[in-house]
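Everything on this sheet refers to the single structure shown next.
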Amino acid sequence: MIHNTKCECGHQNHVGTVLCESCGKPLTDEAGNEPLEMRYDGVARRSQRAKRTPLDRVWNFFSSVKIAVYLIIFTLLASAIGTIFPQEDTFINLDPATFYKDTYGWSGELYYLLGLSHTFDSWWFRMLLFMIGTSLVICSLDRVLPLYRALSKQQLRKHPSFILRQKVAFEGDLPQSGVNESTKDWDDRFADALRKKHYRVYREDGALLAEKNRFSRWGPYINHIGLIIFLLAALSRGIPGWHMNQYMEFLEGSPKAISGTNYYLLNNQFTVDFYNPDEMSEGFRQRDVAVPKVYKTDAILYECTADCRVADKQPVLRELTHQQIEVNKPLKYKDLQVFQFDYSETPELLAIKPMLTDHSTGQSYGPIDLQMDNPLPSYQAGPFTLTLKSFFPEFGLDDKGLPMTKSNKPLAPAFVFSLTGPGLPAAGSPYMYFPRQIDKVNFRQDDINGALGSRFDLSVGSMDDVKIAQYTSYLNIRVEKAMPYIWFGAAVSMIGLIMGFYWQHRRIWLRIDGARLMLGAHTNKNWFGIRKEVADALGKTGIDVDPKSLEKGRNRE
Amino acid sequence: MGKHRTWIQIAILLVLVIVGAFAVGGSFASRSPLPVVGDKAPDFTLTDLDGQTHQLSEYRGKPVVINFWGTFCPPCRDEMPAIQAQYDKWRQQGFTVLAVNLGENKVTVDSFVKQLKLTFPVLLDPDMDLSRKYGVKLYPTTYFVDKSGKIEAKQEGQMEQDFIERNIMKLLE
């Protein structure tokens with residue numbers, strides 16, 4: 001490792017330098033004839049040092065492209081394996097311990113036991129991604145800084161062996177075409193010819209450097225920066241509140257809290273339009289099923305400002321936005337997106353506004369506003385007070401014959417009131433009310449209420465006083481705060497790729513010693529292009545060469 | 001110059017280690033969000049039928065039974081007298097029951113509680129956020145939480161008196 005790194009031109013190079021940073025003389029392979037290895041312009045990478053501390057060892061590990069390639073291969077393999085069976089998080093309410101065994105047999109059980117059923121959440125998969133990220137950062141820093149230094153202070157006059165050992169090289173005498181033409185004139189004309197090809201030309205006595213599109217060298221590093229932004233953005237989904245993906249059902253007409261947020265969403269109206277049989281293809285018509293053409297949710301998004309999620313209290317809501325949700329046309333509000341997912345027909349009573357009629361006087365009082373999702377402790381109808389003793393959303397009798405509710409949905413609602421007022425005992429008289437006519441008959445409301453039932457009647461005048469929900473809309477609620485950063489990272493990465501793909505860094509070195517001319521040229525790709533440019537420029541100044549003959553290796557063909 | 005560079009290197013590696021700890025550590029945090037036996041019972045604050053708030057962590061040091069139930073669920077209704085009897089028997093030892101209702105109306109719950117003369121706190125969970133947090137799938141589901149707030153046992157389905165008693169005695173040990 002101990003090696004004299006001082007070049008004959010007097011420049012002190014870093015350990016690991018291949019080509020002298022100043023004059024370009026090959027330091028390790030001085031006698032060879034092969035084209036030079038021009039990677040990173042022959043400068044030493046950051047990690048190549050004479051003395052190594054443990055810190056350097058870590059740095060070296062991650063600065064290795066070989067390690068990076070292995071990391072990428074392992075990640076690809078793990079990602080592929082992770083898709084053999086569905087991941088746990090694609091199921092709602094699943095017991096993974098039994099699911100994989102029951103569904104896929106022993107291979108499924110093995111898959112579960114190895115932890116592959118949650119590959120993409122596992123510590124080792126994240127570790128791999130993290131190591132790729134680290135490798136990207138360190139590989140880039142390790143190369144880009146020395147390269148930047150080398151390219152920003154290039155010496156014009158290069159060592160003859162550097163010039164002639166370029167892949168594209170030429171050696172010859174200056175043309176003696178004109179009597180009064182000096183070498184400087186040839187030099188000028190050659191420089192002009194290159195400038196026409198958009199080269200930037202730097203000159204020194206007897207030496208010339210023409211360079212173009214140096215920025216394409218930064219392409220890979222800009223690509224890496226884009227990838228790092230992308231990885232960090234993907235990682236940021238782990239920050240609480242940055243990522244959400246849940247499915248919820250929304251009954252028409254009743255606002256519902258979106259869990260994990262302060263938002264409420266109201267399915268104001270759900271509409272579905274079906275295809276007519278004559279619009280359908282023959283195959284569909286024969287199946288005789290209703291095919292929805294379009295279904296959409298007229299949705300209002302609210303923010304809860306007070307009394308949120310408190311039992312027995314209605315939340316105070318402030319409207320934020322009112323939008324139509326159709327398949328692939330989500331509601332959007334800030335970072336929140338609500339997609340139409342599914343629907344089902346679920347007719348149920350939401351609210352009813354009956355009048356209380358006292359047949360003994362013939363007078364009607366009210367109406368009282370009975371809301372199924374929020375029944376109040378008592379209602380006032382004229383001089384009468386209706387105290388709500390009990391409420392059964394879906395009335396029925398249990399096996400002991402006691403009244404109970406069969407579900408929490410108002411499918412057959414029943415109210416038990418205690419009625420007080422003129423002509424009634426102060427302790428109250430029980431009065432039962434079934435809003436739906438069919439329940440009233442089936443459960444024999446009039447018989448239950450007895451004498452009180454013949455004096456009082458709770459009923460609605462018209463359908464305007466009844467609020468019914470026809471549909472339940474199933475919506476997919478998503479928050480993806482990282483998305484703009486993901487796009488930004490992807491865009492930066494693409495810019496980097498384009499810079500490297502469509503432009504090439506081309507350099508031409510020229511050295512004139514007396515009447516002797518030496519020229520070398522380097523590019524990272526499209527050697528055809530640079531050969532042609534060099535041959536054209538030489539041709540215009542009186543030196544005719546075949547472009548193909550300039551390239552080493554091609555001469556021997 | 002050399003020293004300066006080493007410090008930059010250390011700083012870069014340090015930032016990477018922090019990001020890495022967040023990335024890899026996050027995978028442990030996001031795993032298995034539903035509490036299982038042996039886990040700490042997730043804390044909550046809910047109001048009972050009288051409007052009193054109850055926070056699980058306030059009961060630290062006392063054994064607690066968390067029962068998820070609804071008046072629409074016959075086995076839930078049927079096990080209530082058994083829970084009440086056990087509550088009466090062990091409450092002097094500091095034991096308590098928190099019966100979390102599954103999103104029903106206060107009136108509906110209240111009339112049932114009065115009918116059965118239940119005296120332990122019955123909590124309302126209007127949007128069923130808590131039962132979702134606990135991953136309650138079958139009704140009733142009961143968690144036996146020990147004095148340190150750890151879930152000692154979980155039971156899905158109706159419980160009998162002696163089953164409840166056995167588990168309470170384990171909690172009181």
Side-chain angles (χ1 to χ4, degrees), chain A residues 46 53 55-56 58-59 62 89 93 95 118 120-127 129-131 133-134 137-138 141 231-232 234-239 256-257 259-260 309-313 372-377 388-394 396 398-399 402-409 415-416, chain B residues 2 5-6 8-10 12-13 15-17 19-34 45-49 51 53 70-74 76-78 101-112 114-116 123-130 132-133 135-137:
Chain A
R46 175 77 189 80
T53 61
L55 182 75
D56 288 328
V58 174
W59 193 269
F62 284 110
D89 58 7
N93 278 347
D95 186 6
H118 48 86
F120 303 108
D121 287 330
S122 64
W123 65 269
W124 55 268
F125 189 79
R126 284 176 179 227
M127 190 63 137
L129 288 184
F130 163 66
M131 283 169 81
T134 306
V137 172
I138 293 181
L141 285 174
L231 279 175
L232 285 175
L235 196 63
S236 72
R237 295 169 90 217
I239 300 170
K256 191 170 174 183
S259 38
R309 295 149 186 280
V310 182
D312 204 31
K313 271 191 186 161
M372 303 305 138
D373 62 342
N374 182 37
L376 302 177
L388 187 57
K389 285 292 180 195
S390 198
F391 170 60
F392 304 96
E394 188 181 359
D398 68 9
D399 48 9
L402 291 168
M404 71 171 286
T405 183
K406 288 182 196 162
S407 79
N408 199 16
K409 289 191 169 167
F415 293 83
V416 181
Chain B
R5 273 171 132 196
T6 310
I8 292 176
Q9 229 171 3
I10 288 171
I12 292 167
L13 284 173
V15 169
L16 287 169
V17 165
V19 171
F22 177 73
V24 178
S27 75
F28 294 107
S30 69
R31 285 292 308 139
S32 180
L34 298 179
T45 307
L46 290 176
T47 52
D48 67 12
L49 292 168
T53 60
T71 69
F72 50 82
C73 139
C76 308
R77 295 162 68 93
D78 293 345
N101 179 263
L102 298 159
E104 290 184 283
N105 292 299
K106 186 179 174 183
V107 178
T108 309
V109 180
D110 204 28
S111 67
F112 177 80
K114 287 205 176 98
Q115 187 189 327
L116 267 76
L123 312 181
L124 297 172
D125 180 20
D127 296 308
M128 290 175 69
D129 287 337
L130 188 63
R132 214 170 295 130
K133 196 170 170 185
V136 174
K137 282 178 264 177

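Below, each value reflects all heavy atoms present in this structure, side chains not excepted, and no hydrogens, waters or symmetry copies. Below, read A as the first sequence line, B as the second, and so on, with proteins coming before strands; counting in each chain starts at 1.
Counting heavy-atom neighbours within 6.0 Å of A:Lys409 NZ, excluding the residue itself, gives a total of 12 or less.
Looking at B:Leu16, the atoms closer than 4.5 Å to chain A (heavy atoms on both sides) sit in the backbone and in the side chain alike. For B:Val109, no part sits under 4.5 Å from any heavy atom of chain A, backbone or side chain. For A:Val416, no part lies near chain B; criterion is any non-hydrogen pair under 4.5 Å. The contact between A:Asn408 and chain B is made by backbone and side chain atoms together, counting heavy-atom distances below 4.5 Å. In this structure, chain B has no heavy atom under 4.5 Å from any part of A:Met131. In this structure, the portion of A:Phe130 lying under 4.5 Å from any heavy atom of chain B is its side chain and not its backbone. For B:Asp78, the part sitting under 4.5 Å from any heavy atom of chain A is the side chain, from C-beta outward, and nothing else. At a 4.5 Å heavy-atom cutoff, A:Leu129 makes no contact with chain B through either its backbone or its side chain. At a 4.5 Å heavy-atom cutoff, the contact between B:Ile12 and chain A is made by side-chain atoms alone. Residue A:Pro403 touches chain B through its backbone alone, counting heavy-atom pairs closer than 4.5 Å.
For the pair A:Thr405 (side chain) and A:Glu394 (backbone), a donor-acceptor distance under 3.5 Å is present. Formation of a donor-acceptor pair under 3.5 Å by the A:Asp398 side chain with backbone atoms of A:Met404 is not found in this model. Using a distance-only test at 3.5 Å, with no hydrogens or angles considered, a donor-acceptor pair links the side chain of B:Glu104 to the main chain of B:Thr71. Although no hydrogens or angles enter the test, the distance criterion places no donor-acceptor pair under 3.5 Å between the side chain of B:Arg77 and the main chain of B:Phe112.
Nearest approach of A:Pro375 to B:Val107, heavy atoms of both residues: O-CG2, 3.8 Å.
Note on ring orientation: taking the six-membered ring where Trp is involved, the planes of A:Phe125 and A:Phe120 are perpendicular (angle over 60°, cut-offs 30° and 60°).
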